Amino acid sequence: MYDMYGRLGVSREIYDFGQSVLQELKDRFDSIDGTAEYNQAKVIRAMQNSRVNAACFNPTTGYGYDDAGRTTLERVYADCFGTQDALVRPQITCGTHALAVALAANLLPGDELLSVSGRPYDTLEEVIGVRPSTGSLAEYGVTYRQADLKEDGSFDFEAIAAAINERTKVAAIQRSKGYQTRPTLSCQAIGEAVKFIKSIKPDVICMVDNCYGEFVQTVEPSEFGADMTVGSLIKNPGGGLAPAGGYICGSQECVDRCAYRLTAPGLGKEVGANFGLMRQLYQGLFLAPTVVAAALKGAIFAANAYERLGFKVVPDGREPRYDIIQAVQLGSEELMSAFCKGIQAAAPVDSYVTPEPWAMPGYDSRVIMAAGAFVQGSSIELSADGPIREPYAVYFQGGLTWPHAKLGILMSLQKIHEIRPLDI
Ligand SMILES: *Cc1c(COP(=O)(O)O)cnc(C)c1O
């Protein structure tokens with residue numbers, strides 16, 4: 001092992017440090033394996049219920065009428081998420097697009113959107129129009145209000161009650177922390193917020209941004225009353241095999257509206273060729289529970305390793321997990337850069353390139369990203385990124401296999417150790 005890690009660039013002392021951290025994590029890893037086992041059974045059962053068969057993998061072209069593979073996949077997703085229906089499409093280009101469709105489909109001019117989990121994910125600011133943007137909801141006369149989370153990261157029910165008014169149409173809840181250092185919300189906590197919102201105004205549509213949360217627990221937000229649960233296929237539910245796509249699982253009415261928005265009024269779910277991507281979407285969903293388990297082990301390993309070295313990590317080494325993201329506050333651009341170099345150097349693809357910060361579309365500060373992925377931008381694959389701003393935190397996520405996630409973290413420690421010797 002020393003010899004192989006040595007050839008990859010990981011020194012004996014870094015490897016030994018990693019092993020000593022891992023010794024403490026056996027029980028955590030066992031419980032992650034238990035969740036994966038449960039979710040694997042859930043996915044298999046959903047595929048059996050919908051009688052998935054080889055014909056589901058056939059490509060369709062053109063309009064994509066009568067696409068049995070597409071229809072069946074949407075039933076399988078609805079089954080896994082416990083919803084009436086689902087929209088699962090390669091035509092949904094990413095998570096932001098899925099969320100934009102879900103919002104635009106259900107908000108009409110004069111309606112108000114309320115975020116009850118504080119500031120939304122960076123790219124949604126332009127979708128909503130918090131930052132002025134062409135085609136935003138604001139341009140269409142949809143207003144926006146926000147109820148911040150409390151200091152401890154829990155919902156502020158008083159603020160939510162005060163923000164709901166006769167125009168409130170959709171309430172958005174973001175499960176994951178995104179580029180913030182607040183706790184991620186559990187499905188149970190999300191359920192309480194949904195119940196509270198509906199007790200004040202029953203017709204408010206509750207939409208959960210579920211990015212990075214799928215299969216982390218044995219339940220999903222849709223099982224706690226959310227009307228729409230939305231995410232990206234190049235994150236958790238694509239299992240690393242989906243080459244693109246997004247999903248919206250929810251009530252019949254909401255999903256229908258989303259389909260009419262995504263394609264065209266009158267066409268809805270009936271069109272949309274699958275371009276031969278169906279096998280990857282099914283097989284990726286099949287692999288997703290164990291891929292998510294690998295990513296979670298990596299996140300917990302990173303948390304414990306960096307915490308032991310005195311860095312602030314969110315979540316901390318012992319907290320329960322509700323998404324696969326690990327934030328590590330490194331305190332400077334230099335250390336963020338070293339961390340990302342380590343992740344990049346551990347990659348199977350593009351391992352020889354050096355990540356540099358750049359101005360990415362949709363983000364308001366420079367962002368550094370490390371990824372050596374088979375699927376461009378896939379963040380269920382081992383990746384790290386973060387905006388170059390206080391508190392100089394990197395957000396680490398993914399890993400299709402646990403050994404790869406482990407290597408990435410060891411490499412990040414190695415690169416930091418080389419410029420600022422760690423006390424290991
Ligand atoms: C990744 C993510 C999104 C969407 O991002 P895309 O890069 O467009 O897929 C939205 N919200 C959260 C919390 C996310 O993590």
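Numbering of residues begins at 1 and proceeds along the displayed sequence. None of these values were measured; they are calculated from a predicted model. These values consider heavy atoms only, across backbone and side chains, with no hydrogens, waters or symmetry-generated copies. Whatever order the structure lists ligands and atoms in, that order sets their numbers, starting from 1.
Ionic pairing of E74 and R89 is present here: one or more N-O contacts between side-chain nitrogen and carboxylate oxygen are shorter than 4.0 angstrom. With respect to the salt-bridge test (charged N to carboxylate O, under 4.0 angstrom), the residues D79 and K42 do not qualify.
Protein heavy atom nearest atom 9 (O) of ligand 1, with residue, atom name and distance: G95 N, 2.8 Å. In terms of protein heavy atoms, atom 11 (N) of ligand 1 is closest to D209 OD2, 2.6 Å.
For ligand 1, the atoms sitting less than 4.0 Å from at least one non-hydrogen atom of L99 are 10 (C), numbered in the order shown with element in parentheses. Listed by number with element, the atoms of ligand 1 under 4.0 Å from a non-hydrogen atom of C94 are 8 (O), 9 (O). Per-residue contacts place Q174 under 4.0 angstrom from the following atoms of ligand 1 (heavy atoms of the residue considered): 13 (C). The contact set between ligand 1 and K235, taken as ligand atoms under 4.0 Å from a residue heavy atom, comprises 1 (C), 2 (C), 3 (C), 4 (C), 5 (O), 14 (C), 15 (O). Under a 4.0 Å criterion applied to the non-hydrogen atoms of Y212, ligand 1 contributes the atoms 15 (O).
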Audit row: F155, F196, ring pair (Phe, Tyr, Trp, His ring centres under 6.0 Å) steps and yes/no: CA-CA 10 Å; F155 287 107; F196 181 76; 9.5 Å; no

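Aromatic ring orientation, Y306 versus F339: tilted (interplanar angle from 30° to 60°).
The proximity of T96 to ligand 1, defined as any non-hydrogen pair under 4.0 Å, involves the side chain as well as the backbone.
At a 3.5 angstrom cut-off on N or O pairs, I325 does not count as close to ligand 1. Taking only nitrogen or oxygen atoms, main chain and side chain alike, H97 does not reach within less than 3.5 Å of ligand 1.
Panel note: side chain T263, backbone G268; a donor-acceptor pair is recorded below 3.5 Å. With hydrogens and angles disregarded, no donor-acceptor distance shorter than 3.5 Å links the side chain of D156 to the backbone of K150. For the pair D227 (side chain) and C206 (backbone), a donor-acceptor distance under 3.5 Å is present.
Using a 3.5 Å distance cut-off with no hydrogens or angles, the side chains of R308 and N304 do not pair a donor with an acceptor.
In this structure, T123 does not count as a contact residue of ligand 1, since none of its heavy atoms falls inside 4.0 Å of the ligand.
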